Amino acid sequence: MLILMRADAGAADLERVLDLLRESGIKPQVTRTEDATCILGPDASKALNAEQISALAGVRKVVRISSPFKLASLDGAMGRTVVEVNGVRIGGGDLAIVAGPCGVESRDQLFTVARYVADSGVKLLRAGAFKPRTSPYAFQGLGLEGLRLLEQVRAEYSLGIVTEALDVETFDAVEAAADMVQIGARNMQNFALLRRAGRCGKPVLLKRGPSATLEEWLYAAEYILAEGNRRVVLCERGIRTWSDHARNTLDLSVVPAAKALTHLPVMVDPSHGTGRRDLVVPCARAAVAVGADGVLVETHCNPEKALSDGPQALLPSDFAQMVGQLEGIHRVLREAKGALSGLALNGL
Ligand code: PEP
Ligand code: MN
């Protein structure tokens with residue numbers, strides 16, 4: 001349920017509405033825009049009817065949200081969400097690029113990659129300190145030591161840090177070190193972790209599960225939103241299909257499909273989405289063209305020696321070239337926006 005307050009409603013009016021919702025077991029969320037205050041009461045219509053709320057002083061309008069994603073849904077939202085990380089706007093028509101190695105391997109490796117990422121003009125660095133690996137014998141990440149290195153590299157190059165939280169136990173440490181916390185594909189339905197992410201003070205990048213439907217992905221986002229964290233960005237990273245020419249099948253059609261349902265920004269990760277260096281750049285270009293709010297890519301100074309995901313890591317020179325191409329495509333699309341608007345392209 002979405003409750004819009006009148007412009008002249010006072011603090012006491014707002015409190016009365018919030019109290020009524022809380023008494024009914026609902027966790028209300030207040031959003032203030034320039035000219036309106038609105039209250040989102042997820043699932044409130046189960047416990048209360050619109051007339052009860054409309055009768056309260058200061059209430060202008062009550063809207064039922066029919067979507068099952070009460071907080072993630074586009075209907076009922078006060079416009080599309082823009083998530084800002086280190087001065088980079090994810091959403092709102094901008095193009096965000098997040099880049100870096102799969103994992104933090106050493107000070108030397110991290111600083112080398114960070115230097116060329118920063119030189120390319122990209123302001124968000126990705127690298128996992130805690131790595132979710134298929135094999136328990138594979139490199140698991142440097143853990144807390146990796147987080148310390150990420151803090152140092154942020155200070156050195158003024159880069160925002162995007163890094164994964166693997167479990168609830170290590171979440172506090174990751175939250176403290178990160179500018180944006182990544183929830184990995186394998187954890188998309190780890191509900192305890194999603195709830196913890198919802199209580200965290202940093203924006204969250206929510207990867208799509210390897211076999212998740214769009215609906216399941218949006219419900220996962222809903223878990224985070226329901227705890228009060230509104231800064232959620234979705235990231236498509238490929239799903240498991242029977243197509244075997246690539247590691248995963250990058251589902252670019254999910255970008256406009258998601259944008260038709262949710263106000264949350266949607267990014268694309270063509271690195272895990274394909275697992276093949278030669279496919280990453282073409283798919284990154286396609287992601288921008290399809291209306292993604294940003295791209296997350298892996299790059300390594302020496303992919304041959306990478307401790308994880310070397311085959312999909314872009315070489316430094318390819319990476320720099322890709323950044324130029326993506327910015328060029330984004331610029332062209334922006335300029336063509338007027339001409340394209342008649343085609344109802346979601347999110348462009
Ligand atoms: C990663 O970003 O390094 C990663 C492990 O991604 P995913 O969860 O999408 O596999
Ligand atoms: Mn990886």
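Indexing begins at 1, ligand by ligand and atom by atom, following the structure's order. Remember, predicted model here, so these are calculated numbers, not experimental data. The first residue of the sequence shown is numbered 1, and numbering continues consecutively from there.
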Exercise. What residue pairs, at least two apart or across chains, pass ring-ring contact (aromatic ring centres under 6.0 Å, His included) with a residue in residues 232-259?
Worked result: none

Exercise. Hey, is K70 close enough to E222 for a salt bridge, meaning N to O under 4.0 Å?
Worked result: no

Problem set entry | Atom name of the N, O or S atom in E298 that lies nearest to the Mn ion (ligand 2) | OE2

Exercise. Got a donor-acceptor contact below 3.5 angstrom from the D269 side chain to the E236 backbone?
Worked result: no

Problem set entry | Residues D75 and R64 bridged, charged N to O under 4.0 Å | no

For this session: Please find the N/O/S atom of H272 nearest to the Mn ion (ligand 2) and write down its name.
Result: NE2

For this session: Angle at the Mn ion (ligand 2): provide the value between OD2 of D309 and SG of C102, rounding to 10 degrees.
Result: 90°

Problem set entry | Residues lining ligand 1 [heavy-atom distance under 4.0 Å, listed by chain and residue number] | C102, R126, K131, P132, E164, Q182, G184, A185, R186, K207, R237, H272, E298

Exercise. Taking R133 for the side chain and Q140 for the main chain, is one N or O donor matched with an acceptor at less than 3.5 Å?
Worked result: no

Exercise. For the salt bridge (charged side-chain N to carboxylate O under 4.0 Å, His left out) test, which of R154, R231, K123, K202 pairs with D179?
Worked result: R154

Problem set entry | T262 (side chain) donor-acceptor with S73 (main chain) under 3.5 angstrom | no

